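Just so you know, these numbers come straight off a predicted model, no measurement behind them. First the proteins, then the strands, lettered A, B, ... as listed; each starts at 1.
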Protein chains: 2
Amino acid sequence: MADQTPSGESLLFLTDEQLRKGIEAMFFAYRGFTADPDRILEGMDYGRAHHRAIHFIHRSPGTTVSNLLTILGVTKQSLNRVLRTLVEDGLVEARVGRRDKRERHLHLTPKGQELERELSDAQRARMRAAYRAAGPQAVAGFRQVLEAMMDPELRRQYQGLKESGA
Amino acid sequence: MADQTPSGESLLFLTDEQLRKGIEAMFFAYRGFTADPDRILEGMDYGRAHHRAIHFIHRSPGTTVSNLLTILGVTKQSLNRVLRTLVEDGLVEARVGRRDKRERHLHLTPKGQELERELSDAQRARMRAAYRAAGPQAVAGFRQVLEAMMDPELRRQYQGLKESGA
DNA sequence: TTGGAAAGTCAACAAGGCTGACGTAACTTC
DNA sequence: GAAGTTACGTCAGCCTTGTTGACTTTCCAA
């Protein structure tokens, strides 16, 4: 959809100048996007990597370590460092799999859920303000462009996650 | 603007679930956004930090070090390390200011411009594909939401940069 | 002339990526 | 039941990119 370009001038939105603005918008917006959780995390012993792990464990409770590895796109050594501290500090529980005992199924503890909520409340508040300011139609466009910007493999991850909640 | 919500159900786009999707879209899209330059840079001695410096020097030739500091939001020690290697390698030229000789005005050398073009060609290609797939209206929404998501100070940076080219 | 801004530099450190190698338990296949 | 594979953890070492703190040089401006 949205492929009809009735006249040549509709392509003005594809000029290098327009693209550069989009690139810089991504850069500055991503700074804002991570700013609130970063602020909350600093002072604690955690960083952005812990936030990501917590987010996706909350998002998909019971997910395995290797699932998380492919979603986050880091090495197991890197993820393990993060996960270990979260388990040690009692924010994440790693339950041995029932069918396959090699797997560890990850869950947030109540304490972990509390931090998750604090972080996502902050991040959602900013998203909500931005969404409200821009309006529903802009939001739809926002999501379309972002989705088109993903690597195909990541897009599948995103879409797979997108509806799996219900 | 865009605040008219004729009926309650227009606010459906502000549910926590919608916001979570937006958050994950940002996460995955940003990975795609940086993937191509990262690929080009790996193997060279440069990283994402060098790319950012090169981008903004290209964008605002003659900009000073402290301008760059506020735009990039890093410490001068961190930026200096990047800038030093770029100057040593002959990609960036730091000209002593004529009015204020304390300032260094930064320019890309032909060699620097060559790398800049390679990097931004890759990044623009992805943006262009995403823009084309989503269409002009979606692009407008995309930019609106991103702009609303920035910190006010960063938004001023962005907007200040936005038109200064012509 | 003096205060302070702009720039650069040295040193030390931390977060969070990476690779490589190795170990162990558990599942799968022959 | 032996052999191979998978999932996970861990040790060691390295890199990039961020941080703070302390210090110097230059030089504009009050």
*Asks:* Could you tell me which residues satisfy side-chain hydrogen bond (donor to acceptor under 3.5 Å, both in side chains) with H55(A), sequence neighbours excluded, listed by chain and number?
*Replies:* E24(B)

*Asks:* Determine which pairs satisfy salt bridge (charged side-chain N to carboxylate O under 4.0 Å, His left out) with at least one residue from residues 104-123 of chain B, sequence neighbours left out, and list them in order.
*Replies:* R117(B)-D121(B), D121(B)-R124(B)

*Asks:* Going 5' to 3' along DNA chain C, which nucleotides are the first and last within contact of chain B (any atom under 4.0 Å from a heavy atom)?
*Replies:*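 Footprint of chain B along DNA chain C, 5' to 3': dG4(C) to dC10(C).
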
*Asks:* With a strict under 4.0 Å distance from non-hydrogen atoms of chain B, what nucleotide opens and what nucleotide closes the contacted stretch of DNA chain D, reading 5' to 3'?
*Replies:*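 The footprint of chain B covers dT17(D) to dC28(D).
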
*Asks:* What pairs with A122(B) under side-chain contact (heavy atoms from CB on, under 4.5 Å), at least two apart in sequence or on another chain?
*Replies:*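 By the side-chain contact (heavy atoms from CB on, under 4.5 Å) rule, A122(B) matches D36(B), I40(B).
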
*Asks:* Suppose we screen for ring-ring contact (aromatic ring centres under 6.0 Å, His included). Which residues come up paired with F27(A), at least two apart in sequence or across chains?
*Replies:*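 ring-ring contact (aromatic ring centres under 6.0 Å, His included) check on F27(A) returns F56(B).
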
*Asks:* Any heavy-atom pair between the side chains of R143(B) and Q18(A) that's under 4.5 Å?
*Replies:*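 Answer yes - side chains close enough.
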
*Asks:* Where along residues 82-101 of chain B does a heavy atom come under 4.0 Å from DNA chain D, residue by residue in number order?
*Replies:* R99(B), D100(B), K101(B)

*Asks:* Go through the steps for E17(A) and R20(A) under the test salt bridge (Lys or Arg N to Asp or Glu O under 4.0 Å), then give the verdict.
*Replies:* CA-CA 5 Å; E17(A) 182 61 12; R20(A) 204 210 74 234; 2.8 Å; yes

*Asks:* For residues 133-142 of chain B, which residue pairs pass the salt bridge (charged side-chain N to carboxylate O under 4.0 Å, His left out) check, not counting sequence neighbours?
*Replies:*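 Matches after skipping sequence neighbours: none remain.
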
*Asks:* Want to settle it: does N67(A) or T75(B) sit nearer the 5' end of DNA chain D, counting the closest nucleotide to each?
*Replies:*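 Nearest-nucleotide comparison on DNA chain D picks N67(A).
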
*Asks:* Taking only residues two or more places apart in sequence, or in another chain, which ones meet R84(A) in a salt bridge (Lys or Arg N to Asp or Glu O under 4.0 Å)?
*Replies:*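 Checked R84(A) against salt bridge (Lys or Arg N to Asp or Glu O under 4.0 Å); zero matches.
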
*Asks:* With sequence neighbours excluded, what pairs up with Y46(A) under the side-chain hydrogen bond (donor to acceptor under 3.5 Å, both in side chains) test?
*Replies:*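 Once residues adjacent in sequence are excluded, the partners of Y46(A) under the side-chain hydrogen bond (donor to acceptor under 3.5 Å, both in side chains) criterion are D89(A).
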
*Asks:* For a quick check of understanding: with a heavy-atom distance under 4.0 Å over all strands, which category does S66(B) fall into, base, sugar-phosphate or nothing?
*Replies:* sugar-phosphate

*Asks:* Heavy atoms, side chains only, cut-off 4.5 Å: are R102(A) and V65(A) in contact?
*Replies:* no

*Asks:* What donor-acceptor contacts under 3.5 angstrom involve side-chain atoms of residues 69-82 of chain A, with partners at least two apart or in another chain?
*Replies:*
residue : atom : partner : partner atom : Å
T70(A)  : OG1  : N67(A)  : O            : 2.9
T75(A)  : OG1  : S78(A)  : N            : 3.3

*Asks:* Between R81(B) and Q77(B), which has a closest nucleotide on DNA chain C that is more 5'?
*Replies:* Q77(B)

*Asks:* Please list, in numerical order, the residues of residues 31-48 of chain A that have a heavy atom closer than 4.0 Å to any atom of DNA chain C.
*Replies:*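 Residues of residues 31-48 of chain A that come under 4.0 Å of DNA chain C are, in numerical order, G47(A), R48(A).
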
*Asks:* Would you compute the distance between atom CE of M127(B) and atom CE of M26(A) and round it to the nearest 0.5 angstrom?
*Replies:* 6.5 Å

*Asks:* Which of these passes side chain to side chain contact (heavy atoms under 4.5 Å, CB included) with Q113(B): L108(B), L91(B), I57(B)?
*Replies:* L108(B)

*Asks:* Heavy atoms only, 4.0 Å cut-off, all strands: where does H105(A) land among base, sugar-phosphate and nothing?
*Replies:*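 No contact at all - H105(A) keeps every heavy atom at 4.0 Å or more from the nucleic acid.
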
